[in-house]
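Note: hydrogens, waters and symmetry copies are ignored here, and every other heavy atom, side chains too, is used.
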Amino acid sequence: MKFSLQLISNFINLDQIQFNEFEKNLTLSGLEIDSIERIEKYKDKIIDINITTNRDEICSSFSLAREASAIFNIPIKILPIPTNYKNSIEYNCNKLRNTKYTHRAYTRIVNLEAIFTKKTPDWLLYQLRISNIKASGTLNNIQEYIRIKWGQTFYITNNQEINEQKNIIKYSHLIQLFHQKEMKTIIKSTNNQFKLLIFTTISKQKNNTTLNNESSEFYENMFIDSIKLINTLIRTKIGKYSEMHQNIIIKNKNIQIRKKDINKSLGYIKGQKLQFIKTHKIKNILQQLNLSPKHCKTNKLFEVTIPNYRAQDLTREIDIIEEIGRIYQFQHFFSKIKKNNLQGYKSSNFTQVKQIRNTLNKLGLHEVINFCITKNIKQNIHNPQIHNPITYEQQELRINILENLINNYNHNIKNLKNNIEIFEIGKVFEIHHKSTTLYIEKRNLGGLIHNKNYTRNNWSNQSSNINLFHFKNMIETFLETINSKAIIKEIHTNNEKTDEGFAEHLFKTNKKLEIHDPKKHKRIGIIGELNNKFIKKSHDKHERIYIFEINLNQLIETTKSKNHLEYTSKKYSNYPSVTRDISIKLEKYVHIEKVKQNIISKNNELIESLEILNEYKNSIKNNTTRYISLRVTYRSKAKTLNNEDIKSIDTNLENILKELQHTSKSYIKGKT
């Protein structure tokens with residue numbers, strides 16, 4: 001829509017504002033300027049503004065000046081002239097007798113007698129051309145000019161049209177408030193040739209002193225401007241006008257905005273310190289926008305009254321917040337959201353599971369996620385069943401993790417991916433041992449490794465497949481990294497009842513080990529080589545695939561966080577050491593650890609280390625003796641060991657050996 005800057009200047013003083021700044025701030029406020037045309041003849045600039053659909057109230061020079069007044073905080077330089085209702089006839093006076101009214105609907109009818117039309121001046125035609133309005137009669141041209149300038153205008157009719165009730169309703173919704181018969185009573189002219197000008201408005205009651213720069217507040221200004229132009233451009237006699245008013249109730253539209261919501265939506269303003277927009281600044285902006293703000297300090301909120309001309313686009317709290325940001329200008333706010341370094345509470349279980357995931361990732365395993373509804377390989381009446389399953393493949397809850405991982409392996413091999421190292425943390429289910437209607441939900445950790453290029457002895461040799469020893473070492477490294485006290489040990493057939501959640505049927509019989517909790521003396525997991533009958537026939541049956549499954553909660557119970565060091569530091573000795581290799585004859589059932597502790601406890605502080613070199617057994621059947629080779633290292637922290645010290649050490653060792661041999665024989669006698 002095109003506007004004349006010259007006409008806008010009638011309402012607001014733009015002399016102190018550079019045009020470039022005016023153009024920039026208008027665009028930043030949502031009124032994008034498409035083009036600017038300079039008219040040298042009238043020393044004017046025509047601004048073509050792209051008006052969005054939600055701002056259709058900006059349709060006149062007055063409305064654009066009102067918007068510029070809010071953006072630049074410059075007051076409208078024309079003061080509104082109050083309307084005098086002294087001689088106005090009240091219509092429907094009994095309707096609101098006992099009710100407090102809020103507004104007045106007002107109609108003024110002016111008689112024009114003996115019209116002699118002059119030629120419409122060029123300056124007025126120029127304003128019509130800007131708005132692409134086709135010129136006609138001078139009175140109609142004045143009517144359109146007033147509309148362009150003020151956003152409201154008068155309506156032209158005559159006595160005959162009113163008598164016939166012709167084309168009256170279309171003029172204004174205000175006329176509908178008045179009955180046609182009542183309007184006839186205030187029209188003083190009976191000549192059908194005279195023109196009647198109808199001026200209508202809805203104004204607030206007199207005791208409402210708050211001004212919002214609404215068009216109705218400038219009704220008298222518009223009326224005077226119209227009459228002056230008619231007097232100047234048309235030779236006519238203007239008779240006394242007739243007027244009528246009606247008291248009505250229009251509910252104000254109020255919206256409450258909380259200060260915390262403004263801060264949350266707009267964020268911090270730019271500056272040396274991070275701070276939100278100040279309360280007094282928000283109140284000033286709301287006053288600039290003619291929203292009549294009221295600040296409640298107790299509830300920390302603002303209550304605003306929406307003007308009639310903004311009732312279409314200001315309907316929610318966020319609309320008001322957007323207006324505050326628009327006037328304050330969005331470039332003064334941070335464009336990036338401030339990072340909040342505060343973290344909520346994290347349970348120890350969550351932290352430990354995260355550590356387990358990270359450890360497995362560092363060991364080269366990739367996490368996968370599978371669905372808990374499946375068809376278990378091992379058919380059992382205790383498998384949790386799904387009622388009304390969708391498909392045959394999804395009729396049970398899984399009882400272990402490994403079967404899904406085997407399916408992942410088959411899928412990857414089918415797609416020519418050779419090295420597969422995956423793990424999953426997920427839920428498994430089993431029927432409660434006391435009731436077939438109750439189910440137990442557990443979390444298990446499962447993994448599968450297949451890698452043909454896992455290791456090589458040297459660079460000249462070809463890389464080889466992972467074996468059970470490599471796999472066992474990997475699991476031990478994993479347990480050590482997460483500070484678990486669990487150990488890997490051989491599975492004995494005389495063990496106590498094992499956990500049914502581990503799929504032992506998937507492992508090769510002689511190539512599986514258990515993960516054992518030494519504190520509770522129970523199995524918490526199982527590792528080993530996969531039985532190749534569970535992989536697809538198209539695959540190589542000689543492939544080595546290693547799998548493991550651990551009860552996650554029981555694994556976490558074996559971990560211990562190291563909040564402090566459990567060892568002390570000692571200085572290295574700067575003096576040379578003395579080494580003695582000894583051979584001890586022991587009976588079959590004497591544990592070597594007891595021998596080591598006996599030597600250390602009976603000897604002095606000179607022993608630095610005690611190592612087991614080898615063990616020798618007699619090949620004779622039913623032989624109950626064996627020989628243990630030990631290496632004892634002596635070192636002093638204060639001096640170099642002399643001959644007397646070494647002689648004392650040798651004598652001490654001889655005594656210990658005699659005592660050990662005697663203890664071994666006594667142990668055998670007690671055993672038999």
Side-chain angles (χ1 to χ4, degrees), residues 455-458 461 464 467-477 479-481 485-492 511 513-514 516 518 566-672:
T455 185
R456 65 174 73 195
N457 294 333
N458 54 60
N461 293 346
S464 60
N467 56 42
L468 185 58
F469 295 103
H470 295 140
F471 184 60
K472 175 177 176 292
N473 181 263
M474 179 185 292
I475 301 300
E476 287 175 339
T477 304
L479 295 174
E480 182 180 355
T481 306
K485 302 300 181 183
I487 59 174
I488 299 176
K489 59 181 291 188
E490 185 180 355
I491 297 177
H492 296 288
K511 291 189 177 181
L513 300 168
E514 74 171 38
H516 185 77
E566 295 181 347
Y567 51 86
T568 57
S569 60
K570 294 182 180 180
K571 288 181 66 177
Y572 284 109
S573 176
N574 295 324
Y575 301 97
S577 63
V578 175
T579 303
R580 289 289 183 268
D581 292 341
I582 59 174
S583 180
I584 305 173
K585 182 180 178 182
L586 295 175
E587 297 298 330
K588 182 177 180 180
Y589 298 102
V590 177
H591 203 286
I592 189 61
E593 289 296 328
K594 293 183 178 180
V595 175
K596 288 173 64 176
Q597 300 222 345
N598 199 357
I599 294 174
I600 293 172
S601 62
K602 294 292 177 71
N603 213 326
N604 52 34
E605 296 180 354
L606 295 177
I607 294 179
E608 184 180 63
S609 64
L610 181 60
E611 302 176 30
I612 302 172
L613 296 180
N614 214 330
E615 179 181 13
Y616 304 94
K617 294 181 180 179
N618 201 323
S619 60
I620 301 174
K621 191 176 182 180
N622 298 326
N623 185 48
T624 59
T625 61
R626 72 191 198 278
Y627 293 88
I628 304 296
S629 177
L630 300 175
R631 174 168 291 173
V632 187
T633 303
Y634 297 89
R635 191 194 302 267
S636 172
K637 296 178 181 179
K639 65 176 184 175
T640 302
L641 298 176
N642 53 33
N643 293 332
E644 292 182 2
D645 295 326
I646 295 172
K647 187 177 180 180
S648 175
I649 289 170
D650 293 338
T651 304
N652 197 7
L653 272 176
E654 289 177 5
N655 296 332
I656 291 173
L657 290 175
K658 291 178 182 178
E659 186 177 348
L660 285 172
Q661 291 174 357
H662 177 72
T663 305
S664 178
K665 292 178 181 179
S666 300
Y667 178 80
I668 294 300
K669 289 179 181 179
K671 186 78 175 177
T672 57

Q. Taking atom OG1 of Thr651 and atom CD1 of Ile646, what is their separation to the nearest 0.5 Å?
A. 12.0 Å
Q.
If I take atom CZ from residue Arg580 and atom CG from residue Asp650, how far apart are they, to the nearest 0.5 angstrom?
A. 4.5 Å
**Q.** For Asn642, all residues meeting side chain to side chain contact (heavy atoms under 4.5 Å, CB included), sequence neighbours excluded
**A.** Lys639, Glu644, Asp645
(Q) Please report the interatomic distance CD1(Ile475) to CD1(Ile487), rounded to the nearest 0.5 Å. (A) 15.0 Å
Q: Could you tell me the separation between the CG atom of Leu513 and the CG atom of Leu468, rounded to the nearest 0.5 Å?
A: 5.5 Å
Q: Please examine the side chains of Val632 and Thr579, heavy atoms only from C-beta on, and report whether any two atoms are closer than 4.5 Å.
A: no
**Q.** Sequence-distant partners of Lys637, side-chain hydrogen bond (donor to acceptor under 3.5 Å, both in side chains), two or more places apart
**A.** none
Q | Interatomic distance, Met474 atom CE to Phe469 atom CZ [nearest 0.5 angstrom] | A | 15.5 Å
Q | Any side-chain heavy-atom pair of Ser583 and Ile628 under 4.5 Å | A | no
**Q.** Glu611: partners by side-chain hydrogen bond (donor to acceptor under 3.5 Å, both in side chains), with sequence neighbours left out
**A.** none
**Q.** Donor-acceptor under 3.5 Å (Ser573 side chain, Arg635 main chain)
**A.** no
**Q.** side-chain hydrogen bond (donor to acceptor under 3.5 Å, both in side chains) involving Glu480 - partner list, sequence neighbours excluded
**A.** none
Q. Given side chains that start at C-beta, do those of Ile584 and Tyr627 come closer than 4.5 Å, heavy atoms only?
A. no
Q.
Once side-chain hydrogen bond (donor to acceptor under 3.5 Å, both in side chains) is applied, do any residues pair with Asn467, and if so which ones, sequence neighbours excluded?
A. His470
Q) Which residues satisfy the side chain to side chain contact (heavy atoms under 4.5 Å, CB included) test with Thr477, sequence neighbours excluded? A) Leu363, Asn473, Thr481
Q: Taking the side chain as every heavy atom from C-beta outward, state whether Ile488 and Lys472 have any pair of such atoms under 4.5 Å apart.
A: yes
Q. Which pair of heavy atoms, one from Ala486 and one from Leu479, lies closest together, and at what distance?
A. O-CD1, 3.8 Å
Q. Among all residues two or more places apart in sequence or in another chain, which pass the side chain to side chain contact (heavy atoms under 4.5 Å, CB included) test with Asn643?
A. none
Q.
What's the separation between atom NZ in Lys511 and atom CD1 in Ile491, rounded to the nearest 0.5 Å?
A. 14.5 Å
Q. Sequence neighbours excluded, which residues qualify as side chain to side chain contact (heavy atoms under 4.5 Å, CB included) partners of Leu613?
A. Asp581, Ser629, Arg631
